[in-house]
Amino acid sequence: MSFYLYDSVQKEKREFIPLAEGKATIYVCGPTVYDDAHLGHARSALSFDILKRTLQDLGYNVTLAKNFTDIDDKIINKLATSGKTLHELTEFYINRYLEDMAALGVLRADIEPKATESIEAIEKMITELLESDCAYTIENGDIYFDTSKDSRYGSISHMVTDDAQNISRIEANSQKRNPKDFALWKACKEQDVCFNAKIGQGRPGWHIECSAMINKFFKGNDEYCIDIHCGGADLLFPHHENEAAQTRCALNKEIAKYWMHNGFVQIDGEKMSKSLGNSFFLKDALKVYDGELLRYYLISVHYRNDFNFNEVDLQNSKKRLDRLYRLKKRLYGGKVGRVNKAFKEALLQAMCDDLNSSKAMAIVDDMISSANEQLDKEPKNKALKQEILGNIDYLCQLLGIGCKDAIEWFQQGVSEEEKTKIESLIAKRAEAKKAKDFESADAIREELQNMGIAIMDMADGTKWEKL
RNA sequence: GGCGGCAUAGCCAAGUGGCUAAGGCAGGAGCCUGCAAAGCUCUGAUCCCCGGUUCGAAUCCGGGUGCCGCCUCCA
């Protein structure tokens, strides 16, 4: 089965043909670690997590790198008030990021490079750029990239290079050769964090990190460094344009063969930003909602579309995901068999079409309905039960959905004490039912309802769920 | 000012030239149930507007309207 992805540079779906047969190299632009991760970080991480899972399922040996930008203006600003060292501060947020991603079921990257641990590679690349006159040093010691030296500058984002037409908000800097030139290295100034380097004491600019780290960790071939370069839609310009330019000038090849960009997350139809006061930290969302539910909700919309996060749709997703767990609960404790071939093919086929997770989820819904229907007809069919559990198992592997324990899923946030009480009320109700005292039975059901517990009488006894 | 994206039933959301426009939530009907719940079945849209191309368009082209993003740090 071939994998097709929408290349956001060529603006069309392209068949994935890797640089090296059987291997896939992916680089995802990760977070700048000066604060907790928000829903946008989650969306990006999830988009490329399902990319990795799909390629793995197709048999590719996938190497995914996701960087941490751990030196940057915002981090330095935060340092002043935090009382921490740079390393303490960034480690703190890196760990919190990783915790959140784990809760969402995002697989750990194979390589997690940090800018501060790649100074040598960065310095080497800047030196090469200086030697070929693609970079220049200004009076204060800052080193800039000369965008005019790259004839293909603009080919990634398709932004026009004629600055007369482009009312840019780029600060005028008389020492820059071209308005679009950007800093590769920022020379040490007061109260700055500095690294010792032959190119002068200072710290790297944002764009050079990614280019240097990709070159450090991936060999690529004569034409490209890696297969797929991923990131948020906002990174296309200038970040990815600049990455590509540096790599062309320093290494004489393209940084990536394919580019993928995920769409934005809005909150209730508005852009998420601190100034609007609607920043939605994952940590806060995870206090209220299960990580797998957030995952399910966030991948229910195709990764390239914008995503409008809101409570109503999230609750809709909860109900939808509950259906899957009810099916899993129905087969609780059973042996997990092999996945149904047609189901697997259909799911994978959907994912191979530029990660159509939305379609994949519709296929899952169909599987759930038909499984319930068959189970109604043949409640004792062991092979059937095993296959359904096999399907759910595969779903967990491919999409990271349906991985949790089905009983626990419906009992989240219920204490042991409450559970005992619920069980005893259910036992009481069973007695009342047996004695045909439906009035008492219904009263107990209402009492449970008021506790936020829904019950359902099944063939093998009464089951309950936390609403 | 430059560049780009989106507009599908009450809501969310697939589909990008051709069989009955996926799927979910909400709503309606039925089966099941002591009654419910859960589960199953049935039930809903000429695809923002106007032109054009085509035997045929939600899907392609042109023009509107509306929303959003990038051009400054941003996933």
Side-chain angles (χ1 to χ4, degrees), chain A residues 8 11 13 28-32 34 37-48 66 69 72-74 77 154 157-171 179-180 206 230-239 241 261-266 269-274 297 300-302 304-308 310 312-323 326-327 329-330 350 353 356-366 368-377 433 436-439 441-442 445-446 448-449 454-459 462-465 467:
Chain A
S8 36
K11 294 181 183 295
K13 272 188 198 170
V28 180
C29 280
T32 301
Y34 69 101
H38 57 233
L39 289 169
H41 293 109
R43 172 106 134 116
S44 174
L46 285 168
S47 298
F48 307 120
K66 181 154 69 179
T69 297
D72 145 287
D73 290 352
K74 276 187 293 227
N77 289 342
S157 64
H158 310 291
M159 293 287 280
V160 284
T161 46
D162 181 2
D163 286 293
Q165 279 181 44
N166 191 345
I167 299 173
S168 171
R169 282 173 278 181
I170 294 171
E171 227 175 285
K180 284 215 168 80
W206 177 38
C230 309
D234 52 334
L235 299 182
L236 188 54
F237 189 87
H239 187 52
E241 190 71 64
H261 290 92
N262 65 276
F264 259 61
V265 178
Q266 297 189 319
E270 283 194 89
K271 182 177 169 155
M272 185 165 48
S273 76
K274 282 189 177 168
Y297 177 40
S300 69
V301 176
H302 187 89
R304 271 193 284 127
N305 288 359
D306 283 341
F307 190 103
N308 182 22
N310 67 87
V312 173
D313 294 345
L314 179 58
Q315 289 305 332
N316 183 347
S317 282
K318 166 81 164 66
K319 287 178 186 174
R320 203 175 170 186
L321 185 52
D322 281 348
R323 291 183 74 232
R326 277 197 200 99
L327 174 63
K329 194 170 72 170
R330 212 177 157 174
D353 182 14
N356 195 335
S357 50
S358 203
K359 190 173 180 179
M361 285 156 86
I363 292 163
V364 172
D365 284 327
D366 285 340
I368 295 169
S369 292
S370 108
N372 276 318
E373 193 184 358
Q374 284 179 280
L375 284 169
D376 286 345
K377 281 182 195 154
K433 273 179 63 179
K436 304 236 184 254
D437 178 5
F438 296 123
E439 215 167 293
D442 290 352
R445 183 165 61 199
E446 206 177 314
L448 284 163
Q449 185 89 31
I455 57 168
M456 37 214 75
D457 296 329
M458 313 300 281
T462 298
K463 308 282 188 211
W464 64 271
E465 292 178 4
L467 290 173

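Note on naming: letters A, B, ... go to the chains in the order of the sequence lines (proteins, then strands), and numbering restarts at 1 for each one. The model shown is predicted, which means the values in this text are computed figures rather than measured ones. For the numbers below, each heavy atom of this structure counts, side chains included, while hydrogens, waters and symmetry mates do not.
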| query | Rounded to whole angstrom units, what separation is found between the NE2 atom of A/His302 and the C1' atom of B/U8? | reply | 16 Å
| For B/U41, which nucleotide in any strand shown is its Watson-Crick or wobble partner with both distances under 3.5 Å? | B/A29
| field | Residue whose nearest RNA chain B nucleotide is more 5′ - A/Asn308 or A/Ala441 | value | A/Asn308
| message | Do A/Ile455 and A/Arg445 make a side-chain contact, defined as non-hydrogen atoms from C-beta onward lying under 4.5 Å apart? | response | yes
| Salt-bridge criterion met for A/Asp322 and A/Lys319 (N-O under 4.0 Å) | no
| field | Rounded distance (nearest 0.5 Å) linking atom CG of A/Asn262 with atom CZ of A/Phe307 | value | 12.0 Å
| Do A/Cys230 and A/His261 come close enough that some side-chain heavy atom pair is under 4.5 Å? | no
| query | Can you tell me how far P in B/A26 sits from the matching atom in B/G17, rounded to whole Å? | reply | 34 Å
| Which is true for A/Val28 with a 4.0 Å heavy-atom rule: it touches a base, it touches only sugar-phosphate, or it touches nothing? | nothing
| query | So, A/Ser358 side chain and A/Ser300 main chain: donor-acceptor pair closer than 3.5 Å or not? | reply | yes
| said: Quick check: on RNA chain B, is the nucleotide nearest A/Ile455 upstream (toward 5') of the one nearest A/Val301, or the reverse? Name the residue that is more 5'. | reply: A/Val301
| Within the structure shown, what part of the strands sits under 4.0 Å from A/Gly40 by heavy-atom distance: base, sugar-phosphate, or nothing? | base
| task | State whether A/Asn356 places a side-chain N or O below 4.0 Å from either non-bridging phosphate oxygen (OP1 or OP2) of B/G15. | result | yes
| In whole angstrom, what separates A/Gln266's CD from B/C68's P? | 8 Å
| query | Rounded to whole angstrom units, what separation is found between the CG atom of A/Asp313 and the P atom of B/C11? | reply | 11 Å
| Integer angstrom distance from the P of B/C67 to that of B/A58 | 26 Å
| said: Could you work out, with side chain to side chain donor-acceptor pair (under 3.5 Å) as the rule, every residue matching A/Asn310, not counting sequence neighbours? | reply: A/Asp313
| Where the side chain of A/Phe438 is concerned, which of B/G39, B/C3, B/G34 is the nearest nucleotide? | B/G34
| said: Roughly how many Å apart are B/C12 and B/G27, using the C1' atom of each and rounding to a whole number? | reply: 16 Å
| said: Within the 4.0 Å heavy-atom criterion, would you say A/Asn262 contacts the bases, only the backbone, or no part of the nucleic acid? | reply: base
| field | Which residues share a side chain to side chain donor-acceptor pair (under 3.5 Å) with A/Arg330, sequence neighbours left out | value | A/Asn372, A/Asp376
| request: Confirm from the modelled atom types if A/Arg326 and B/A38 form a donor-acceptor pair under 3.5 Å, side chain to base only. | output: no
| Can you tell me how far C1' in B/C47 sits from the matching atom in B/U20, rounded to whole Å? | 16 Å
| said: Roughly how many Å apart are B/G23 and B/G69, using the P atom of each and rounding to a whole number? | reply: 33 Å
| query | In the structure shown, which nucleotide is the Watson-Crick or G-U wobble counterpart of B/U46, with both distances under 3.5 Å? | reply | none
| said: Counting primed atoms plus P, OP1 and OP2 as sugar-phosphate and everything else as base, spell out the protein contacts along nucleotides 22-33 of chain B at 4.0 Å heavy-atom distance: B, S or - for each nucleotide, 5' to 3'. | reply: BBBSS-------
| request: Give one of base, sugar-phosphate or nothing for A/Lys433, where a contact means two heavy atoms less than 4.0 Å apart. | output: base
| task | Starting from P on B/C40, measure out to CG on A/Leu375 and report it in whole angstrom. | result | 10 Å
| For B/U65, what is the paired nucleotide under Watson-Crick or G-U wobble rules, both distances under 3.5 Å? | B/A7
| Distance, C1' atom - from B/G63 to B/A29, rounded to whole angstrom | 46 Å
| message | Under 4.0 Å, heavy atoms only, any strand: does A/Leu235 hit a base, just the sugar-phosphate, or nothing? | response | sugar-phosphate
| Rounded distance (Å) that lies between atom P of B/U41 and atom CG of A/Asp376 | 9 Å
| said: Once you apply a heavy-atom cut-off of 4.0 Å, does A/Phe237 come out as touching a base, just sugar-phosphate, or nothing? | reply: sugar-phosphate
| said: What contact category does A/Gly263 fall into here, base, sugar-phosphate, or nothing, at under 4.0 angstrom with non-hydrogen atoms? | reply: base
| message | What contact category does A/His261 fall into here, base, sugar-phosphate, or nothing, at under 4.0 angstrom with non-hydrogen atoms? | response | nothing
| said: Both distances below 3.5 Å, Watson-Crick or wobble geometry, any strand: find the nucleotide opposite B/G34. | reply: none
| remark: Checking N1-N3 plus N6-O4 or O6-N4 for Watson-Crick, or N1-O2 and O6-N3 for wobble, each under 3.5 Å, the partner of B/U59 is none
| request: Once you apply the 3.5 Å cut-off to both distances, tell me the Watson-Crick or G-U wobble partner of B/C70, or none. | output: B/G2
| B/U72 and B/G64, which share atom name C1', separated by this distance in whole Å | 33 Å
| query | Between A/Arg323 and A/Ser369, is any side-chain donor less than 3.5 angstrom from a side-chain acceptor? | reply | yes
| query | When the distance from CE of A/Met458 to P of B/G39 is rounded to whole Å, what number comes out? | reply | 9 Å
| remark: Here the distance between atom C1' of B/G4 and atom CG of A/Asp306, to the nearest Å, is 12 Å
| message | Checking base pairs now: Watson-Crick or wobble, both atom distances under 3.5 Å. What partners B/U54? | response | none
| query | Any donor and acceptor pair, going by atom type alone, linking the side chain of A/Glu465 with main-chain N or O of A/Ala454 inside 3.5 Å? | reply | no
| With the threshold set at 4.0 Å, does a side-chain nitrogen-carboxylate oxygen contact exist between A/Asp457 and A/Lys463? | no
| task | Could you check whether A/Glu465 gets within reach of a base, just the sugar-phosphate, or nothing at all, counting any heavy atom under 4.0 Å? | result | nothing
| remark: Atom NE2 of A/His158 and atom P of B/C3 are separated, to the nearest Å, by 13 Å
| said: With rounding to the closest Å, how many angstrom separate the P atoms on B/A14 and B/C48? | reply: 15 Å
